[in-house]
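Proteins get letters first, then strands, A, B, ... in listed order; numbering begins at 1 in each. Model, not experiment: these values are computed from the prediction.
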Protein chains: 4
Amino acid sequence: MSADNLFAQVLGTPDADAAFSDRAVIAAMLRFEGELARCQERLGLIPAGVADVIERQARAVTIDPGSLVRDAQAAGSLAIPLVHALTESVRTLDPAAAAHVHFGATSQDVIDSALALCTRTALACIEAAVDRAIEAAIALARRHAADPVLARTLLQAAGVTTFGWKFAHAALALDRGRRRVRTTARASLAVALAGPTGNLEAFGEHGATLRAALAQALGLADPGASWHSHRDQWVALATDTALLVGTTAKIAGDLALMAQTEVGEVRMPASDRTGRSSAMPHKRNPVLAMRVLAASHPVPGIVAGLLAGMRQAHERGLGEWQSGLAQWPVLFAQAIDSTAALAALLETLEVDPVRARDNIDAQFGVLFSPALAHRFAAELGRNAAHDLVGRLCEVALRDRIPLRDVAIAAMGDDLRLQSIPATAITALFDIHAAAAPAGREVEALLGLIARP
Amino acid sequence: MSADNLFAQVLGTPDADAAFSDRAVIAAMLRFEGELARCQERLGLIPAGVADVIERQARAVTIDPGSLVRDAQAAGSLAIPLVHALTESVRTLDPAAAAHVHFGATSQDVIDSALALCTRTALACIEAAVDRAIEAAIALARRHAADPVLARTLLQAAGVTTFGWKFAHAALALDRGRRRVRTTARASLAVALAGPTGNLEAFGEHGATLRAALAQALGLADPGASWHSHRDQWVALATDTALLVGTTAKIAGDLALMAQTEVGEVRMPASDRTGRSSAMPHKRNPVLAMRVLAASHPVPGIVAGLLAGMRQAHERGLGEWQSGLAQWPVLFAQAIDSTAALAALLETLEVDPVRARDNIDAQFGVLFSPALAHRFAAELGRNAAHDLVGRLCEVALRDRIPLRDVAIAAMGDDLRLQSIPATAITALFDIHAAAAPAGREVEALLGLIARP
Amino acid sequence: MSADNLFAQVLGTPDADAAFSDRAVIAAMLRFEGELARCQERLGLIPAGVADVIERQARAVTIDPGSLVRDAQAAGSLAIPLVHALTESVRTLDPAAAAHVHFGATSQDVIDSALALCTRTALACIEAAVDRAIEAAIALARRHAADPVLARTLLQAAGVTTFGWKFAHAALALDRGRRRVRTTARASLAVALAGPTGNLEAFGEHGATLRAALAQALGLADPGASWHSHRDQWVALATDTALLVGTTAKIAGDLALMAQTEVGEVRMPASDRTGRSSAMPHKRNPVLAMRVLAASHPVPGIVAGLLAGMRQAHERGLGEWQSGLAQWPVLFAQAIDSTAALAALLETLEVDPVRARDNIDAQFGVLFSPALAHRFAAELGRNAAHDLVGRLCEVALRDRIPLRDVAIAAMGDDLRLQSIPATAITALFDIHAAAAPAGREVEALLGLIARP
Amino acid sequence: MSADNLFAQVLGTPDADAAFSDRAVIAAMLRFEGELARCQERLGLIPAGVADVIERQARAVTIDPGSLVRDAQAAGSLAIPLVHALTESVRTLDPAAAAHVHFGATSQDVIDSALALCTRTALACIEAAVDRAIEAAIALARRHAADPVLARTLLQAAGVTTFGWKFAHAALALDRGRRRVRTTARASLAVALAGPTGNLEAFGEHGATLRAALAQALGLADPGASWHSHRDQWVALATDTALLVGTTAKIAGDLALMAQTEVGEVRMPASDRTGRSSAMPHKRNPVLAMRVLAASHPVPGIVAGLLAGMRQAHERGLGEWQSGLAQWPVLFAQAIDSTAALAALLETLEVDPVRARDNIDAQFGVLFSPALAHRFAAELGRNAAHDLVGRLCEVALRDRIPLRDVAIAAMGDDLRLQSIPATAITALFDIHAAAAPAGREVEALLGLIARP
């Protein structure tokens with residue numbers, strides 16, 4: 001796979017590029033080798049003085065990504081030419097030390113550990129973007145806590161809620177996603193040190209101690225075991241990240257629907273350069289929502305591949321691991337892109353409570369049919385009331401007359417309903433009263449969010 | 001979708017059938033309605049005395065699944081005809097009470113809550129099976145802690161480890177999976193109570209209190225918010241379950257490879273009725289491994305669908321929710337099947353340490369080439385030693401001569417190596433010494449497993 | 001897996017149930033065995049007279065699905081107990097004949113062939129539904145060929161097209177899907193006859209002849225080779241069916257967007273029983289669109305599983321085949337459901353050209369900005385014209401003044417534009433003229449559809 | 001998304017990079033604009049003489065990918081800045097001509113058409129690799145047509161077939177895949193010309209004629225309709241390519257299993273640089289098989305994303321199209337990589353018939369149990385013969401005695417079997433006779449392959 005292409009780049013962000021850039025991956029691999037030697041020297045596994053040389057050269061050696069890739073293609077692994085280059089570099093300073101580079105480790109150790117280090121960078125980007133998105137959603141929730149807006153189910157107007165209620169739920173879902181990723185990362189970002197076959201055999205009785213020391217040196221978790229072919233904890237980070245991405249799509253998808261020309265309850269930012277059409281001067285495309293949705297779209301497929309790839313044969317699979325390595329940065333790049341675009345979207349979103357109110361009014365009060373039906377149920381029974389109100393709604397919409405008026409007129413025709421005072425009916429159609437419970441709930445919902 | 005078919009049934013288990021059976025789902029929905037009325041009465045949301053009638057009828061009413069489905073197809077939801085039937089049943093006892101059935105709730109409330117209740121049953125089956133699998137793996141790990149077996153990478157013999165080490169890692173991975181599901185379930189198995197548009201509007205100021213009370217009555221979590229269209233916490237249970245299933249596939253896949261005719265390190269149980277071929281009298285098919293793998297195979301695709309389905313429009317999506325309902329029981333049935341088959345597989349597995357030893361011996365000691373190369377590296381440098389040993393391995397395999405002998409002969413040809421005593425070389429080829437670190441690690445690994 | 005559940009049943013249809021019902025699968029398997037014997041007798045592979053007995057009993061034997069499944073669970077395959085039951089049944093009539101039941105065949109032969117027979121039934125259902133959907137789309141396309149409606153890109157109003165143009169493209173896409181499935185089915189619905197290891201060894205030199213004869217007897221294709229573990233042609237039928245399902249989702253998704261409360265360009269049928277909400281008397285839910293979308297949603301995940309399952313080890317894989325068997329009927333059931341729901345949706349759809357025209361008018365003519373920009377480009381250059389018109393659009397929408405009037409006013413301010421006559425500008429804003437090319441194209445598009 | 005990373009590069013090939021390189025995509029987009037102007041001038045849609053300038057500048061203009069991407073990120077589409085740059089370039093030569101660049105087209109037209117052109121290049125790479133793979137498989141099939149090798153089902157030895165039979169089926173499956181892609185490409189590689197909203201409105205009555213002319217100029221198909229948001233024919237090319245990739249995985253997976261240390265029936269090439277382990281001098285990793293499997297692994301997930309993305313709203317979706325653009329080159333890169341690696345694998349594969357024969361012999365003749373059971377069935381009945389032979393197989397394997405000898409001994413104990421001559425039994429165990437039907441079938445199978 002060579003996954004790069006202009007279309008992917010257009011959807012990308014510099015942060016996503018940086019976390020797993022050639023430079024970042026090579027630096028992380030070399031850092032692993034340096035710290036490995038340092039820890040091994042401390043445990044007496046390699047001669048005193050050797051680690052200094054290895055670590056110095058791990059920082060100093062220049063590795064050209066292009067030739068590294070070419071050599072790795074023949075070898076089947078990036079680690080082989082990288083270790084070779086480091087060894088040669090060490091040899092120029094201290095031939096004896098060269099024999100101790102990468103001692104007892106295997107390709108997968110350095111690659112998996114380096115990927116964990118780069119993933120930590122990626123997660124920092126994701127977390128920063130999600131933090132911004134949550135703050136923006138909270139601000140929107142507070143600013144529009146009580147502003148009524150249509151609630152919709154199955155793409156049909158269904159009732160009245162408030163913008164604040166919607167944004168508070170969005171903030172909460174992002175917060176849950178952020179917490180899941182953070183908690184899981186603590187265990188998933190673990191050092192890999194297993195040796196060629198997993199059992200740390202080269203280190204005799206010091207295997208577990210060395211792994212723990214190396215974990216601490218790299219700021220990674222000590223998994224307490226080998227995870228080279230049991231990938232559950234690693235893939236758990238991918239699934240939790242995918243859940244967070246799924247939430248970004250939910251939020252952006254809703255906002256795109258609310259930004260439809262015919263709905264117009266929110267507007268996405270337009271500038272001289274953003275969202276213009278090449279052919280249509282009047283268009284202002286919801287580019288940021290598009291970016292969230294485009295970035296999130298491939299994530300379920302990538303996750304499916306990682307889950308299927310958990311079936312890795314024996315102590316290292318044939319293809320699943322290598323394929324997973326190539327897909328992993330893509331997944332996190334998608335997550336960086338989707339969260340960053342969502343943050344920008346929420347930070348610049350314009351809410352139009354007036355248009356939202358117009359949309360509610362255009363429903364002629366049929367949204368309040370559940371309350372009306374409940375009121376009638378005492379006299380008519382639940383099912384008959386439901387049916388009657390359904391028919392009154394049809395009349396209201398057909399004749400463009402408020403349901404309240406239709407209902408009051410109909411009540412005159414039914415002896416059982418005549419005793420209900422018209423004011424009681426009118427009260428059922430108060431938009432702000434209907435929206436009030438949603439508005440009141442906003443602060444309680446926001447209180448559930450774990451603030452830093 | 002009508003997902004049932006003979007081929008699926010062959011791969012199924014009674015437990016998987018029971019958790020989401022028609023009867024179980026209907027009972028869970030009715031239980032929701034009964035407890036809802038009970039909690040509402042306590043909060044004064046419905047008249048005193050009504051809950052008794054509703055709850056009694058929720059237990060007494062008989063609902064035919066076939067006609068429920070037919071009515072639900074027209075209505076688009078199972079809840080509508082179920083609530084209708086319950087209401088009619090209540091009416092026969094107490095017409096006034098009928099108006100208070102399902103008060104303020106919506107279809108999705110009763111369905112999502114019922115699904116959470118049924119999922120709890122399914123998780124109990126899964127957990128029981130995983131417990132069995134872990135116990136069996138621990139027993140195998142202890143019994144064969146020190147028994148050497150080939151370690152393999154990229155499907156090639158790579159070194160020596162022990163059966164115990166392999167089973168201990170399997171047990172650990174299952175334990176991680178079990179813990180993830182258990183922890184996530186605590187939050188995911190939550191009551192759904194949102195009302196038609198999510199904001200609990202019918203309950204005035206009592207919405208949150210009612211939801212908490214209902215959660216407690218049903219033994220479910222109180223999510224503190226509506227989750228009808230923010231599905232992240234719900235789907236999190238699916239992804240964590242999928243991770244557990246992925247681990248079952250990893251373990252069963254490895255055992256199937258070890259059970260290959262040419263490898264023969266493990267054998268799967270055969271009985272008069274299990275695993276016979278219709279055409280080949282000599283065949284003993286690894287049926288239990290097949291069942292694990294067949295059950296796990298569709299899981300990544302189902303998870304991808306659930307993740308993609310997180311993008312649910314507004315307060316209830318158009319299709320994503322309904323499709324997710326139908327897929328959910330399938331996912332957990334697959335998990336029940338895969339974990340149950342793995343438990344049976346591990347409980348009946350026969351390990352053949354003699355055959356495993358034969359397989360090691362058939363490698364002529366080339367497995368110890370890393371140690372040999374490391375020993376030579378002091379004299380020759382790391383890369384030259386690696387290359388020399390590679391050539392010696394080729395000779396050993398080609399001429400079917402132990403690498404040790406080839407190496408000792410070669411040392412005579414190289415002045416730099418002549419000082420190494422032959423005994424030092426011989427020591428490198430001690431299979432039990434090589435396997436010892438893996439064997440010693442077993443108890444430490446098992447100690448990481450959280451025992452009940 | 002036991003995939004059946006109430007939620008799946010609600011989304012299902014009797015046709016989808018029938019094609020792969022227990023009865024249908026068993027009958028197809030028995031038919032295979034009967035025709036196999038008949039063809040073998042003709043080729044002298046089994047004694048004369050034997051086929052009559054086998055075929056008679058294949059029709060007469062009663063096999064209880066429940067006990068068949070139980071026996072198959074132990075054996076790992078449905079074929080083993082089925083062949084056993086048939087053999088016993090034959091033995092009661094003619095003990096000598098019993099030795100010739102299923103001669104030279106293997107489990108996979110009878111199962112794959114039976115699945116091909118059942119799939120043929122499923123495809124007939126799908127084709128009938130798609131035929132209906134295409135006819136309905138053609139009728140809508142003709143009836144509303146010239147009725148203007150907004151074209152929308154990125155969920156924003158973008159221009160004017162016609163309903164007819166949209167329905168004609170829908171019909172064309174369904175027609176392409178229908179043709180792909182039909183063409184592929186000719187090769188994919190092939191007999192499976194391979195023998196235990198694929199090479200027809202039991203039949204000596206008659207293998208190919210027997211396979212061809214059996215294919216003809218069953219009305220299936222002769223694949224000319226064994227396909228027991230090379231599944232490409234089989235999975236091709238799944239992918240082509242998935243493409244057809246994808247088109248149903250595209251069409252239903254668009255109609256659901258057009259049926260949104262705020263858009264209202266189409267309405268989906270409502271009856272006393274269809275699409276009512278349990279809580280909201282005014283709601284008319286787009287149940288048929290929901291059914292299409294819910295049925296289509298899991299299909300990509302199933303296809304991903306079938307594609308991944310193509311990697312089947314050697315002459316029969318461990319789990320991939322069995323899992324694929326269980327998923328196959330699900331895929332086709334989803335396809336039956338989605339196409340049937342789409343046919344019903346298109347047959348009952350109500351189009352509202354008046355509302356569509358209102359939606360166009362609400363855009364104040366900014367939809368015609370490309371034509372205006374093109375007209376100005378001659379005087380201003382392309383980019384400057386694009387920018388100017390973009391600004392005029394903003395004015396039009398902000399001040400709710402037709403863009404035509406805004407443009408004519410602006411032309412007075414720019415010397416380069418003053419020469420353009422106002423009538424030339426007015427002509428650009430003629431909705432029916434703008435829609436005319438789309439309307440005229442309808443019959444040409446419909447002419448591309450292959451009519452039976 | 002920024003999908004590039006070192007791990008992906010290691011698995012990549014220059015061909016995969018080239019087909020969708022920045023340079024190739026930009027050149028294809030510019031070519032579209034040049035040919036569009038040429039065709040428009042011929043139809044009188046733009047003034048005479050203009051096309052020359054536009055086409056010249058489309059060849060001459062230099063567009064920096066980096067700044068193109070930056071501008072496209074703001075605009076949401078690559079086409080907008082590209083058209084802008086071309087327009088400016090044309091303006092420097094002929095200001096009047098600049099107004100006619102990209103006339104009547106939209107971003108998606110130029111992008112989809114350019115992607116079709118680049119995909120044609122990618123398919124040529126894939127086809128060349130598959131041609132090589134098929135030739136290599138044919139050569140292997142002929143060279144080893146009659147060489148016996150174990151057939152295996154459920155990873156267990158099941159019978160005797162020949163290498164030639166296996167390679168012939170591999171060649172056939174690749175040929176089917178090649179033909180499917182080739183046939184589908186003829187329709188899928190179509191010009192996109194739809195205009196902003198799909199209905200070619202800017203071209204008046206000349207829309208269809210222009211599209212046909214442009215198709216011919218670019219060497220693409222004329223789709224006869226707009227396909228900007230009906231993506232079925234486009235995605236059909238992806239699914240058919242995925243089927244081909246699935247076949248590469250099937251073949252490489254089998255060869256990897258046959259190359260296992262314990263099986264050794266095939267060997268993959270080793271050189272000084274290929275397949276060495278960083279830690280294990282003796283290892284020769286099956287790198288080419290790994291490359292096939294790693295390249296094929298993500299394909300089902302990508303296809304699932306493309307299928308799900310068929311649901312594109314209205315005349316251009318929000319995210320699905322853009323995400324699909326970014327995924328498309330990845331899919332074809334994977335296909336180039338998997339087919340190229342398979343070709344190299346088959347071209348260098350070493351087959352070891354001696355080892356294969358050893359593996360057969362190690363089964364002590366139990367592979368012939370079906371023939372033995374069939375022979376006994378005449379005397380004992382089918383089921384009793386099956387059971388008896390099953391028991392004899394167990395004895396043979398346990399005591400390491402040829403089944404033939406075990407059977408002949410057992411026949412002495414059963415009066416009904418004593419009449420069978422020992423020579424008749426011995427004949428059943430003739431490996432070459434058993435393999436003969438498979439060997440004879442090879443040329444017939446190869447005859448089904450469409451040779452160029």
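- With a 4.5 angstrom heavy-atom cutoff, D/A208 does not touch chain C via any of its atoms.
- Residue contact with chain C, scored on non-hydrogen atoms closer than 4.5 Å, involves the side chain of D/V303 exclusively.
- Closest of all the heavy-atom pairs between D/L448 and C/G224 is CD1-O, 3.4 Å.
- Side chains of D/R152 and C/R316 form no contact here, defined as non-hydrogen atoms less than 4.5 Å apart.
- Only the backbone of D/A98 comes within less than 4.5 Å of a heavy atom in chain C; its side chain stays farther off.
- D/T87 touches chain C through its side chain: at least one heavy atom from C-beta onward sits under 4.5 Å away, while N, CA, C and O do not.
- The two atoms that bring D/A304 and C/A304 nearest to each other are CB-CB, 4.0 Å, heavy atoms only.
- The two atoms that bring D/L293 and C/R311 nearest to each other are CD1-NH2, 3.6 Å, heavy atoms only.
- Heavy atoms closer than 4.5 Å to chain C are found in both the backbone and the side chain of D/S226.
- Heavy atoms of D/Q322 lying under 4.5 Å from chain C belong exclusively to its side chain.
- Across D/E441 and C/L200, no two heavy atoms sit closer than the pair OE2-CD1, 4.4 Å.
- When atom types are taken as modelled, the side chain of C/D254 and the backbone of D/H314 share a donor-acceptor pair closer than 3.5 angstrom.
- With a 4.5 Å cut-off on non-hydrogen atoms, D/I251 touches chain C through its side chain but not through its backbone.
- Of the atoms belonging to D/H297, not a single heavy atom falls under 4.5 Å from chain C.
- Using a 4.5 Å cut-off between heavy atoms, D/L172 touches chain C through its side chain atoms alone.
- Side chains of D/R231 and C/K250 form no contact here, defined as non-hydrogen atoms less than 4.5 Å apart.
- Between D/H169 and C/H230, the ring planes are parallel. Angles under 30° get that label, and only those over 60° would be called perpendicular.
- Proximity to chain C (any heavy atom under 4.5 Å) is shown, for D/A202, by neither the backbone nor the side chain.
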